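Quick caveat: nothing in here was measured; it's all calculated off a predicted structure. Whatever order the structure lists them in is the order used to number ligands and atoms, beginning at 1. When a residue number appears, it is its place in the shown sequence, counting from 1.
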Amino acid sequence: MKDWHEIRVNFALKAVQDAVCLASDIQNEMVSGAITKDDRSPVTVADFAAQAVVGYMLENALPGALLVGEEQADVLRSPAERETLEKITNFVKRLIPGVSPERVCDYIDRGVDNPGKNYWTLDPIDGTKGFLRGAQYACALAYVEDGVVQLGVLGCPNITPDLKQETNGEGSILIAVRGEGSWISTLRGDLSLDQFRVLAVSNSSRVEDARLMRSFESGHTNTSLVDAFQSALGGLADPVRMDSQVKYALLAAGEGEIYLRLLSPDRMDYREKIWDQAAGSIIVEEAGGTVTDLDGKTLDFSQGRTLRGNRGICASNGLLHNEALEALRAIKA
Ligand code: AMP
Ligand code: MG
């Protein structure tokens, strides 16, 4: 790859690797039988710790760069959250020895920027519900220029480099650079190019064999419309339900053909956040796939923290994209 050693690529890979490995340790140490079903504290701790690590690393690698992160530290600064902040700080100390709780808040708030002409966007833990279930989640970091994603990295602790789902397995890290391709390697390995394998989408153009993916959480999509889509397309298999941008990773690696995001009927006002789609979408595009809205238009990351006009996303291996858009029109999605 032409720019492999370029500072942005090195920063993004190392930051995601460190942040998501720490999150994975937090998952192992905090998500146990001892917590109640509604206790979200492990993911809260992991989310803030991961954003602090990326904020710290960006500050060192690219001091003036904008970072639009999902989290903000204001709640952590309140006395009521002191214990949570102490927990977060103790985990962050594993990577930044001696760091104070106040500095941890500052590193988290490195991500309070608004999107500009050029910016980074971070979802420290995408798929928080998957994280708590011991299922799929990812750390997602992307770099955007003029509304177009130029670089994306996904750290996925619970899929192997050959895309098998394995909790507490080897894990994988994926990167895409605009015009240069998408790659995958083992999460905890050496981050040099010769350790990465090129990703390519599925070459299947048979609608009847299309493997469709959707959110695990029914509340994040329109399940009856997904089923109607499957019938309109003529596919046979039930949609694969999975959390987080790991769905984009599977599509990029040829382990699925179509991924749909449709607005939940209960949340028609929901708008996709930029950090939930940026890294995953470039990884699919650079692996040869296509990612658009429901009308076939490319996603526009120049409108602030959300994809403002967007009402849904259709990602595919490219070969089935027109059929997918036609099926969407047929069901009036
Ligand atoms: P997924 O795991 O693919 O369902 O996507 C997870 C992301 O969806 C998380 O980052 C959530 O912030 C986001 N999300 C939250 N509420 C909704 C919603 N009503 N519709 C779609 N996505 C949502
Ligand atoms: Mg997310």
Side-chain angles (χ1 to χ4, degrees), residues 16 19-20 23 27 40 42-44 46-51 54 67-72 108 111 115 120-142 144 149 152-159 165 167 174 211-226 229 239-252 255-256 258-284 291 293-294 299 301 304-316 333:
V16 168
V20 87
Q27 187 186 42
R40 288 183 54 86
V43 77
T44 303
D47 227 355
F48 284 116
Q51 182 157 324
V54 175
L67 177 63
V68 184
E70 183 173 18
E71 306 304 336
Q72 292 193 1
I108 293 166
W120 292 88
T121 187
L122 171 71
D123 194 343
I125 307 276
D126 179 40
T128 51
K129 292 186 170 142
F131 181 97
L132 290 169
R133 274 191 258 100
Q136 294 303 328
Y137 69 95
C139 177
L141 180 64
V144 179
V149 186
V153 175
L154 285 180
C156 311
N158 292 340
I159 51 165
Q165 294 197 58
T167 305
L174 296 86
R211 291 163 294 177
L212 177 63
M213 286 176 286
R214 64 122 159 135
S215 289
F216 184 92
E217 295 292 330
S218 304
H220 289 180
T221 193
N222 185 329
T223 54
S224 41
L225 218 47
V226 172
F229 172 85
V240 174
R241 293 173 54 180
M242 188 179 285
D243 300 284
S244 84
Q245 289 174 68
V246 170
K247 293 187 283 297
Y248 281 122
L250 262 67
L251 187 55
E255 298 289 323
I258 300 173
Y259 166 29
L260 275 192
R261 293 188 75 79
L262 302 172
L263 288 176
S264 157
D266 301 330
R267 284 297 311 274
M268 292 303 282
D269 61 335
Y270 186 82
R271 292 296 170 268
E272 297 290 357
K273 308 291 190 293
I274 51 177
W275 51 79
D276 280 330
Q277 314 304 329
S281 61
I282 188 175
I283 284 168
V284 167
V291 183
D293 67 11
L294 304 185
L299 306 183
F301 291 89
R305 294 167 73 84
T306 63
L307 300 178
R308 218 181 308 148
N310 183 273
R311 300 288 185 280
I313 296 174
C314 176
S316 78

To the nearest 10°, how many degrees is the angle Asp126 OD1 to the Mg ion (ligand 2) to Asp276 OD1?
90°
Is the closest basic N to carboxylate O distance between Asp269 and Arg267 below 4.0 Å?
yes
Show the atoms of ligand 1 that are less than 4.0 angstrom away from any heavy atom in Ser244.
1 (P), 2 (O), 3 (O)
Please report whether ligand 1 has a polar contact with Thr221, defined as an N or O pair separated by less than 3.5 Å (distance criterion only).
no
Donor-acceptor side-chain pairing of Glu272 and Asn310 below 3.5 angstrom:
no
Test of proximity, Arg261 against ligand 1: N or O pairs below 3.5 Å:
yes
Can you check whether Glu70 has an N/O within less than 3.5 Å of an N/O in ligand 1?
no
Shortest non-hydrogen separation from Ala315 to Tyr248 and the atoms involved
CB-CE2, 4.0 Å
Give a yes/no verdict on a cation-pi contact between Arg214 and Phe229, requiring under 6.0 Å between NZ or CZ and the six-membered ring centre and an angle within 45° of the axis.
no
Within less than 4.0 angstrom of ligand 1, does Ser264 place any heavy atom?
no
Would you name the heavy atoms of Val149 and Ser281 that are closest together and state the gap between them?
CG2-OG, 4.4 Å
Look at Lys273 together with Asp123 and state whether they make a salt bridge at an N to O cut-off of under 4.0 Å.
no
Has ligand 1 got any nitrogen or oxygen that is less than 3.5 angstrom from a nitrogen or oxygen of Glu272?
no
Would you mind telling me if ligand 1 is within reach of the side chain of Glu217, the backbone, both or neither, using heavy atoms under 4.0 Å?
neither
Gln165: which residues meet the side-chain contact (heavy atoms from CB on, under 4.5 Å) condition with it, sequence neighbours left out?
Gln136, Ile159, Met242
Can you give me the closest heavy-atom contact between Phe48 and Glu71, atom names plus distance?
CE2-CB, 3.8 Å
Minimum-distance pair of heavy atoms, taken over all atoms of Leu294 and Cys314:
CD2-N, 4.3 Å
Quick one: look up the protein heavy atom nearest atom 1 (P) of ligand 1 and list residue, atom name and how far away it is.
Ser215 OG, 3.4 Å
Given Tyr259, Tyr137, Tyr270, identify the one with the heavy atom nearest to atom 18 (C) of ligand 1.
Tyr270
Of all N/O/S atoms in Asp123, the name of the one nearest the Mg ion (ligand 2)
OD2
Just heavy atoms, cut-off under 4.0 Å: does Asp126 contact ligand 1 by side chain, backbone, both, or neither?
side chain
Location of contacts on Lys247 toward ligand 1, heavy atoms closer than 4.0 Å:
side chain
